[in-house]
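Beneath this line is the structure, given in structure tokens, with notes to follow.
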2 protein chains.
Amino acid sequence: MSPEAPPAARQARTQQERRERTRSALLDATVECLVDLGYSGTTVHEICRRAGVSRGAQQHHFTTKAELMAAAVEHLFQRLRDEVSGSLQAPPGPERVHEAIDLLWRGFSGELSTAALELWVAARTDDELRRSMLPVDRALGRSTLEIYRDAAGVDVPDEKLETLYWLTVNLTRGLALDAMIGGDPARRARLLDEWKAIAAAAYHDVGRPGPRSGRPTP
Amino acid sequence: MSPEAPPAARQARTQQERRERTRSALLDATVECLVDLGYSGTTVHEICRRAGVSRGAQQHHFTTKAELMAAAVEHLFQRLRDEVSGSLQAPPGPERVHEAIDLLWRGFSGELSTAALELWVAARTDDELRRSMLPVDRALGRSTLEIYRDAAGVDVPDEKLETLYWLTVNLTRGLALDAMIGGDPARRARLLDEWKAIAAAAYHDVGRPGPRSGRPTP
DNA sequence: GCATGTACCTTCCGAATGGAATGTTTTCCG
DNA sequence: CGGAAAACATTCCATTCGGAAGGTACATGC
């Protein structure tokens with residue numbers, strides 16, 4: 001091998017490159033473990049194995065397991081934000097409401113959200129983990145809401161949109177839980193459809209009476 | 001001590017009594033551990049310690065930890081059913097809807113539900129546990145729905161009531177999760193109120209247009 | 001090129017966990 | 001009573017986990 005060999009596939013080994021590579025390998029493996037094995041089944045050994053990283057390398061980057069988890073939280077929530085923030089296509093109106101609800105549902109029922117749930121449940125009885133997660137989760141909620149606020153247009157008062165958003169998020173999380181524990185998929189689909197109708201009505205007819213089933217205001 | 005001593009506070013020691021006592025002590029301690037320490041923090045040692053039961057006695061009743069957990073699931077869900085099945089007082093109408101939603105909320109945001117959540121999340125990655133939980137959870141869901149169906153009266157079609165019930169349950173579970181992870185209590189109260197209004201409208205005006213905010217049909 | 005620090009690897013260790021083995025007490029029943 | 005069985009207790013063991021210690025390979029700056 002010539003000293004000046006610039007090639008090829010296997011060479012991008014500046015220190016920073018090296019560092020970044022194993023770091024994200026560890027974080028991705030952590031998320032993968034959370035999804036596959038749950039929090040209690042996630043061990044640093046297994047994370048290292050999946051990441052193809054030695055035990056020592058892991059300790060070099062994240063001294064303690066808690067530190068690794070804290071970093072994984074940020075990594076995870078960043079990816080989750082990207083997933084849940086796909087932009088809306090439909091023009092303003094009921095169709096857009098349907099689309100937005102679908103988007104939230106897909107986001108909060110995916111693998112990343114599963115990993116986040118594992119972390120949240122674990123954080124309930126782990127102060128350090130909870131302190132790591134709280135601000136990151138708050139930021140995720142706010143920034144996601146912001147996106148939907150922008151997409152909604154001006155004809156919907158802030159307060160109402162916010163209420164609708166949080167109702168949808170919480171319902172969606174409940175449904176995601178239902179999916180996790182083996183609930184009936186058909187029932188979930190029905191509930192989601194029903195909620196879309198309700199939300200579209202509430203969204204469209206601000207503060208005034210309006211039809212509840214089917215499309216609003218024919 | 002006389003052989004025929006029949007007394008007093010400390011004597012009810014038929015075998016069955018003895019058995020039942022330590023059994024339920026173990027199961028209660030298991031639930032308590034789940035609430036306090038989470039699933040991953042729940043060890044048989046700690047369960048025995050809290051139950052005031054020796055390691056050997058526990059193994060006599062539940063050979064393996066999985067067996068203990070399976071029994072705890074039934075124990076827990078039975079208590080949960082009692083909690084969530086308090087009977088409704090209000091006369092049929094919007095007030096009763098509010099009351100029913102409150103009842104579900106209280107049930108699904110209490111300690112017992114927290115323990116159940118720990119178990120469900122653990123069961124996601126534990127086939128044996130999931131097999132134990134699924135039928136018990138289904139039974140809980142059905143029997144609770146039955147109670148609310150009876151309470152609703154005849155003026156609401158089954159399908160609509162069922163939809164409303166499951167929407168409420170899932171929303172409530174999402175809100176319970178939000179509470180668990182340190183969400184804003186005021187926001188939760190607002191969302192719950194809003195949902196009560198929506199549900200009352202849907203319940204009251206079956207299939208016909210109706211008011212969305214405030215009390216329906218003045 | 002060579003010293004230096006960063007990234008990485010191997011190996012060991014104490015603590016804790018679930019389960020097994022074995023011994024003791026209490027109730028039951030003839 | 002007295003033996004049998006059930007309930008309960010003590011102790012030990014293999015495994016596994018997270019963390020520490022100590023050494024090696026690699027990139028960078030002079």
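Below, read A as the first sequence line, B as the second, and so on, with proteins coming before strands; counting in each chain starts at 1. Atoms considered below: every heavy atom in the structure, side chains included; atoms not considered: hydrogens, waters and symmetry mates.
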Atom-to-atom span, [atom1] of [X] to [atom2] of [N] - whole angstrom:
| X | N | atom1 | atom2 | result |
| --- | --- | --- | --- | --- |
| A:Arg19 | C:dT6 | CZ | C1' | 9 Å |
| B:Gln58 | C:dA20 | CD | C1' | 12 Å |
| A:Glu20 | C:dT6 | CD | C1' | 15 Å |
| B:Arg21 | C:dT27 | CZ | P | 12 Å |
| A:Gln16 | C:dA7 | CD | P | 10 Å |
| B:Arg23 | D:dC8 | CZ | P | 11 Å |
| A:Arg49 | D:dT16 | CZ | C1' | 15 Å |
| A:Gln15 | D:dA27 | CD | C1' | 5 Å |

Contact list for DNA chain D against residues 60-73 of chain B - heavy-atom distance below 4.0 Å: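 By residue number: B:His60, B:His61.
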
Stretch residues 24-47 of chain A: residues that reach within less than 4.0 Å of DNA chain D through a heavy atom: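 Residues of residues 24-47 of chain A under 4.0 Å from DNA chain D: A:Thr42, A:Thr43, A:Val44, A:His45.
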
Donor-acceptor contact below 3.5 Å, side chain A:Asp126 vs main chain A:Ala122: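 Side chain of A:Asp126 to backbone of A:Ala122, a donor-acceptor pair under 3.5 Å: no, none is there.
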
B:Arg81 side chain to B:Leu140 backbone, donor-acceptor under 3.5 Å: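 No; judged by distance alone, with no hydrogens or angles, the pair does not exist.
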
Test side-chain hydrogen bond (donor to acceptor under 3.5 Å, both in side chains) applied to A:Arg96 - qualifying residues, sequence neighbours left out: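 A:Arg96 satisfies side-chain hydrogen bond (donor to acceptor under 3.5 Å, both in side chains) with no residue once adjacent residues are dropped.
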
Sugar-phosphate, base or nothing in reach of A:Arg55, heavy atoms under 4.0 Å: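 Base, at least one base heavy atom under 4.0 Å.
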
Kindly write out the residues that satisfy side-chain contact (heavy atoms from CB on, under 4.5 Å) with [X], not counting sequence neighbours, or none if the list is empty.
| X | answer |
| --- | --- |
| A:Gln59 | A:Arg55 |
| B:Ala115 | B:Val31, B:Leu34, B:Val35, B:Leu76 |
| B:Glu46 | B:Cys33, B:Leu37, B:Thr43, B:Arg49, B:Arg50 |
| B:Ile101 | B:Val97, B:Thr168, B:Leu192, B:Trp195, B:Lys196, B:Ala199 |

Worked verdict on A:Arg106 versus A:Glu83 for salt bridge (charged side-chain N to carboxylate O under 4.0 Å, His left out): CA-CA 9 Å; A:Arg106 275 201 304 276; A:Glu83 188 178 295; over 6 Å; no

Residues, nucleotides or ligands: over 12 heavy atoms within 6.0 Å of B:Gln78 CD: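 It does not: B:Gln78 CD has 12 such atoms or fewer within range.
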
Gap separating the OG1 atom of A:Thr64 from the CE atom of A:Met69, nearest 0.5 angstrom: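 Rounded to the nearest 0.5 Å, the OG1-CE separation comes out at 10.0 Å.
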
Could you list the protein-to-nucleotides 21-24 of chain D atom pairs, N/O on both sides, closer than 3.5 Å?
none

Ion pair A:Arg131/A:Glu128, N-O distance below 4.0 Å: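 Here A:Arg131 does not pair with A:Glu128 in a salt bridge, since their nearest N and O are not under 4.0 Å apart.
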
Salt bridge (Lys or Arg N to Asp or Glu O under 4.0 Å) partners of B:Asp28, counting only residues at least two apart: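 B:Arg79.
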
Qualifying residues under salt bridge (Lys or Arg N to Asp or Glu O under 4.0 Å), relative to A:Asp82, sequence neighbours excluded: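 Not a single residue meets the salt bridge (Lys or Arg N to Asp or Glu O under 4.0 Å) criterion with A:Asp82.
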
Check nucleotides 23-25 of chain C for protein N or O atoms closer than 3.5 Å to its own N or O atoms and list the pairs.
none

Identify all side-chain donor-acceptor contacts of residues 176-187 of chain B below 3.5 Å with residues at least two apart in sequence or on another chain.
| residue | atom | partner | partner atom | Å |
| --- | --- | --- | --- | --- |
| B:Asp178 | OD1 | B:Arg187 | NH2 | 3.1 |
| B:Asp178 | OD2 | B:Arg188 | NH1 | 3.0 |
| B:Asp184 | OD1 | B:Ala186 | N | 3.1 |

Under 4.0 angstrom between A:Thr22 side-chain N/O and C:dC8 OP1 or OP2: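 For C:dC8, OP1/OP2 do have a side-chain N/O of A:Thr22 under 4.0 Å.
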
